[in-house]
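Presented below is the structure to which this report refers.
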Amino acid sequence: MTEAAPRKTEARTVQPGHPALPRYDPKEIEKRWQKRWAADGLYRTPDDAPQPKFYFLTMLPYTSGDLHVGHWYAMAPSDTAARFRRMRGYNVLFPMGFDAFGLPAENAAIKEGIHPHRWTYDNIDNMRRQLKTMGAMFDWSREVRTCDPEYYRWNQWFFLKLYERGLAYRALAPANWCPSCQTVLANEQVLPDGTCERCGTPVTRRDLEQWFLRTTAYADELLDHSKIEWPEQVVAMQKNWISRSEGVEIAFGLDLPAGRHGAPGVEETEIRVFTTRADTIFGVTSMVLAPEHPLVPKLTAPDRRQEIDKYIEYARRQTEIDRMSMEREKTGVFTGAYCKNLLSGEDVPIWIADYALLWYGTGAVMGVPAHDQRDFEFARQFGLPIKVVVAPPDWDGAPLEQAYVEPGTMVNSGRFDVLPSEEGKQAIADYVEAQGWGRRSISYRLRDWLVSRQRYWGTPIPIVHCPKCGPVPVPEPGLPVLLPEDAEFKPTGESPLAGHERFVNTTCPKCSGPARRETDTMDTFMDSNWYFIRYLSPHYDAGPVDPALARKWLPVDQYTGGAEHAVMHLLYARFFWKALRDLGLVDGDEPFLRLFNQGQILGPDGQRMSKSRGNVVAPDEQVSRYGTDTFRCYLMFLGPWDEGGPYAFEGITGIWRWLNRVWNLALSEPPAGAADPVAVREMRRVTHKTVRRVTEDLERFRFNTMLAALMEMTNHLTKARESGPVDAAAWDESIDSLLRMTAPAAPHIAEELWTRTGRPYSVHQQSWPTWDADLTQEEEITLVVQVNGKVRDRLQVPADIEEALAREMALASPRVQAHIGGRDVLRVVYVPGKLVNVVVR
RNA sequence: GCCGGGGUGGCGGAACCGGUAGACGCGGCGGACUUAAAAUCCGCUUCCGCCUCAGGCGGAGUGUGGGUUCGACCCCCACCCCCGGCACCA
């Protein structure tokens with residue numbers, strides 16, 4: 001590729017009062033520079049550059065096949081910020097890859113008869129092509145595809161490391177089952193309304209042997225975000241999701257009367273509950289067990305058995321939707337058994353009810369209707385006594401209309417009476433611990449991550465089930481356990497791999513006897529746990545990452561992506577990183593030091609874009625009409641990046657016009673001659689102020705105001721040129737800065753103009769301009785004069801005006817005098833450089 | 001219900017640390033160029049009222065109602081609405 005130069009055949013536009021200029025033709029320019037940059041390896045990130053490293057990561061796309069506006073909205077501003085970093089002297093790593101495993105590939109295969117492998121790789125090729133039209137500085141030499149065996153091999157390797165450490169385990173558990181996807185889902189993948197986040201089908205429960213990763217082992221550490229700069233919103237969502245509660249585990253005595261033993265030999269002598277309200281223990285009037293609680297069959301009275309069984313059956317049939325529906329009346333059944341409140345000595349009837357959740361706390365709730373709204377409703381429903389033990393202020397002993405959950409003074413609580421309930425909480429916890437009836441404990445809402453999936457297009461779990469040895473890890477030389485190409489992948493509820501004889505039948509690595517492979521595959525969030533580590537050395541085969549490069553590049557300095565991943569990817573990835581840290585594979589406690597969530601781009605109607613609504617904006621179409629640079633800038637100009645918002649087709653012309661003005665400005669000779677010194681100083685002031693504004697805006701990802709500042713500068717230069725001779729040096733400085741500052745947002749036009757104005761290739765290897773604070777000083781300011789806080793006059797005064805003079809001028813203003821109207825001046829407030837406020841009355 | 005974020009012209013949005021509300025852009029209106037249109041360029045454009053109307057003057061105004069302050073889009077209190085998340089978590 002030769003140096004770009006204006007060609008004779010080019011179309012020209014005539015500017016009023018200016019010689020004919022070549023026309024701005026983004027199509028031609030953009031294609032040409034993309035080729036040149038690729039040929040020159042301009043965006044290859046060296047591992048050994050002397051500059052400080054900066055790892056700028058943006059979330060990789062799922063291989064849906066088409067790059068939509070949402071991708072552009074996420075990536076173009078990220079690219080701009082990364083380019084800015086680079087110009088500021090950092091060695092910036094800005095990689096890209098493809099999240100390539102997952103259900104859609106399989107569904108497409110079933111629907112259209114294309115193999116998931118083929119579907120995925122075709123999509124990758126198309127998306128890579130589309131991504132390249134963005135003109136981003138992605139280092140394609142580091143591309144990662146998560147469905148490549150050389151990638152998922154390390155998923156398996158990690159899995160085995162976690163398994164060795166007891167962080168991966170298999171357990172029988174009631175799992176979220178999507179009848180449509182025919183697979184289990186992690187809790188995070190069930191929407192609040194109880195439907196599958198992928199297909200919207202109501203999720204049901206199934207008891208299944210599943211693989212889990214022990215995320216709860218890191219619950220407390222995951223709750224600590226003090227080492228990272230993340231949006232408050234995401235931090236709040238993670239905290240909320242993990243939700244730590246401090247309380248006490250307390251035993252209730254279980255001494256079943258003869259004849260009440262459901263089964264011979266009930267060895268348990270207690271039921272343990274978890275409570276955060278130990279202070280209310282004297283108010284317990286029922287014990288509520290989750291229907292699936294293991295003690296239930298043992299302690300149910302024979303005459304209650306039928307009803308209890310019916311209720312258990314009813315509870316397990318509930319979909320998440322039923323179970324979560326609001327305003328539902330409390331249901332439950334009495335077991336016929338009692339337990340003993342060890343503190344009060346009272347007998348307490350044992351019930352089962354589905355508002356007690358097996359997985360939370362101990363799966364058993366002490367029912368305190370007076371001080372817990374759920375228990376209150378339950379007691380009302382079944383006529384259980386409501387015993388007040390924490391007196392509300394001014395309580396006259398009347399029955400409560402609803403649970404009183406606030407602190408108060410303890411009553412009816414034996415030796416703890418009269419204590420403030422907050423103190424009572426501690427006193428009772430101490431007492432319980434001293435008596436050996438329980439201990440303080442912590443419960444989390446967070447549950448372990450269910451990672452196995454009964455689907456084909458994913459990473460096979462590298463375990464062999466041997467009838468003699470049980471589950472046996474595949475030894476490292478046996479990795480990767482390859483996903484067979486020729487599987488029948490119709491969903492049956494069992495993994496499609498289960499029907500693949502050659503895959504399933506194997507020998508036990510331990511005893512060499514016949515054995516069967518695990519046929520479940522891993523959740524695709526496993527892939528996104530560490531893809532950013534693989535970018536560093538995508539083809540390294542002695543480990544998941546070249547350790548030297550891991551030390552150099554990790555952790556990620558800046559991560560950008562959508563907030564929808566707050567409690568899935570972003571939580572799993574933090575967990576995973578911490579596990580890797582403890583395995584000695586990475587250093588540091590957090591994978592992503594800074595996070596920024598862009599908002600969501602909506603259709604022109606303000607609704608989520610969807611084919612069915614017909615409000616989808618096709619990026620390719622916008623690009624072919626206006627060019628990549630215009631489209632990139634427009635996405636950034638729409639509004640604050642973290643807010644997202646509707647895409648308005650009309651507005652893009654504003655950016656288009658602006659880039660054309662920049663084009664004309666840079667290529668036209670300004671009128672020569674002796675320039676007015678005031679105008680020269682003004683031009684330099686505008687330029688240096690703009691450099692400051694743009695720099696500060698880019699640091700904070702405020703692309704919309706950055707572009708507004710560049711437009712203002714452009715407008716100023718246009719006017720300056722119209723209104724007389726221009727100082728050549730000041731003009732050159734302005735154009736130079738303008739082009740450098742335009743380069744991150746509109747890389748192609750900036751490069752073209754940079755070259756056409758005789759500057760050395762490439763603008764993207766130039767340093768970012770700096771500003772001179774002295775030159776940004778205004779000579780004149782507008783002094784606002786207020787009377788009683790209302791603006792009454794504006795005076796043009798020298799910036800360094802003396803206070804006395806300013807006050808004098810303000811009071812002398814006829815407009816101000818008119819508004820004072822002879823009233824007494826009480827005081828005059830002077831704010832240097834801003835205003836004078838005359839207070840009268 | 002709880003936790004975050006937000007409510008500013010016709011529209012997207014701007015406003016530093018409490019000091020000119022409406023930058024920048026779209027749209028609209030008027031004008032220049034053109035046979036014409038497109039494109040481009042220039043001017044005006046928060047609302048209301050008034051006047052001696054190329055201009056000028058006054059009032060109101062940042063979801064609502066209060067408060068603090070010389071001065072509030074910004075701080076405080078109460079409330080309404082919108083968006084996102086969580087929601088029987090003991």
Side-chain angles (χ1 to χ4, degrees), chain A residues 13-17 192 231-241 243-245 247 273-277 280 288 323-326 328 330 353-357 359-368 371-375 377-378 443-447 563-564 566-567 597 599-600 634 637-640 642-658 660-661 664 696 702 704-712 714-715 718-719 722 781-791 793-794 815 818 826-841:
Chain A
T13 55
V14 178
Q15 288 297 303
E232 248 182 84
Q233 167 159 232
V234 175
V235 172
M237 280 166 73
Q238 293 202 342
K239 290 203 151 115
N240 205 328
W241 189 262
S243 190
R244 174 192 157 104
S245 295
V273 298
F274 172 77
T275 181
T276 56
R277 291 299 304 276
T280 64
V288 184
R323 193 151 172 169
M324 292 201 229
S325 66
M326 290 291 286
R328 209 180 63 145
K330 291 276 178 297
D354 62 2
Y355 83 89
L357 307 168
W359 56 267
Y360 188 79
T362 60
V365 177
M366 60 180 216
V368 187
H371 307 295
D372 181 283
Q373 192 56 29
R374 294 153 303 185
D375 298 341
E377 286 161 20
F378 188 71
S443 276
Y444 301 92
R445 202 189 90 105
L446 179 75
R447 283 181 272 173
E564 66 273 17
V567 291
N597 290 130
Q600 200 173 44
Y634 184 51
F637 189 63
L638 280 171
D642 55 346
E643 284 174 27
Y647 187 89
F649 285 102
E650 318 82 67
I652 196 169
T653 54
I655 296 287
W656 168 250
R657 286 172 195 156
W658 169 60
N660 273 282
R661 284 202 300 276
N664 295 332
E696 288 169 358
R702 297 168 55 135
N704 56 331
T705 48
M706 167 207 59
L707 288 165
L710 289 176
M711 287 176 181
E712 284 182 62
T714 308
N715 292 345
T718 306
K719 284 216 169 85
E722 301 297 319
I781 56 155
T782 305
L783 186 70
V784 171
V785 188
Q786 301 179 330
V787 177
N788 284 349
K790 283 194 202 298
V791 178
D793 204 359
R794 294 178 169 91
R815 290 160 190 264
L826 297 183
R827 66 189 270 213
V828 177
V829 179
Y830 175 65
V831 182
K834 297 272 188 196
L835 58 70
V836 176
N837 187 12
V838 182
V839 185
V840 298
R841 163 23 2 178

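Here is the naming used below: chain letters follow the sequence lines, and residue numbers restart at 1 for every chain.
Counting heavy atoms from C-beta on, the side chains of V785(A) and L835(A) never come closer than 4.5 Å. Using a 4.5 Å heavy-atom cutoff, the side chains of M706(A) and N704(A) are not in contact.
Comparing G28(B) with A38(B), their P atoms are spaced 11 Å from each other, to the whole Å. Taking atom P on both nucleotides, U8(B) is separated from G13(B) by 9 Å, rounded to a whole Å. U46(B) and G61(B) have their C1' atoms separated by 8 Å, with the value rounded to a whole Å.
Donor-acceptor pairing under 3.5 Å, judged by distance alone, is present between the side chain of K330(A) and the base of C88(B).
Spacing between atom OH of Y360(A) and atom P of C86(B) amounts to 17 Å, rounded to whole angstrom units. When the P atom of C24(B) is taken as reference, atom CE of M711(A) falls 10 Å away, rounded to whole Å. Atom CD in Q233(A) sits about 11 Å away from atom P in G4(B), given to the nearest Å. The distance between atom CD of E564(A) and atom C1' of G84(B), rounded to the nearest whole Å, is 11 Å. Across the protein-nucleic acid pair, K239(A) atom NZ and G5(B) atom P stand 13 Å apart, rounded to whole Å. Rounded to a whole Å, the CH2 atom of W359(A) is 11 Å from the C1' atom of A90(B). Rounded to a whole Å, the CG atom of L783(A) is 12 Å from the P atom of U20(B). D642(A) places its CG atom 13 Å from the C1' atom of G13(B), with the value rounded to the nearest Å.
Side-chain atoms of N837(A) never come within 3.5 Å of backbone atoms of Y830(A) as a donor-acceptor pair (strictly under, hydrogens ignored). One N or O on the side chain of Y634(A) and one on the backbone of A648(A) form a donor-acceptor pair closer than 3.5 Å. Within the 3.5 Å criterion, the main-chain N or O of W656(A) finds a donor-acceptor partner in the side chain of N660(A). A donor-acceptor pair is defined here as one N or O able to donate and one able to accept, closer than 3.5 Å; such a pair exists between the side chain of Q238(A) and the backbone of A566(A). R445(A) contributes a side-chain N or O that, together with a main-chain N or O of W241(A), makes up a donor-acceptor pair within less than 3.5 Å.
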>> Can you give me the dot-bracket string for RNA chain B, 5' to 3', counting Watson-Crick and G-U wobble pairs with both distances under 3.5 Å, using [ ] for crossing pairs and | for partners on another strand?
In response: (((((((..(((......[....)))((((((.......))))))((((((...))))))..(((((..]....))))))))))))....
> Can you give one letter per nucleotide of nucleotides 67-73 of chain B, going 5' to 3': B for a protein heavy atom under 4.0 Å from the base, S for sugar-phosphate only, - for none?
Replying inline: ---BS--
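Of the side-chain N and O atoms in T705(A), none sit less than 4.0 angstrom from OP1 or OP2 of C24(B). A close approach under 4.0 Å does not occur between any side-chain nitrogen or oxygen of N597(A) and OP1 or OP2 of G5(B). Phosphate proximity of A14(B) to N704(A): present, with a side-chain N or O under 4.0 Å from OP1 or OP2. Contact check, R661(A) against G25(B): a side-chain N or O comes under 4.0 Å of OP1 or OP2. Proximity of K790(A) to the phosphate of A60(B): a side-chain N or O atom is located under 4.0 Å from OP1 or OP2. For G27(B), the OP1/OP2 oxygens have a side-chain nitrogen or oxygen of R657(A) closer than 4.0 Å. Between R815(A) and the phosphate of G58(B), there is no side-chain N or O to OP1/OP2 separation shorter than 4.0 Å.
Between Y355(A) and D375(A), the side chains place a donor N or O and an acceptor N or O closer than 3.5 Å (distance only, hydrogens not considered).
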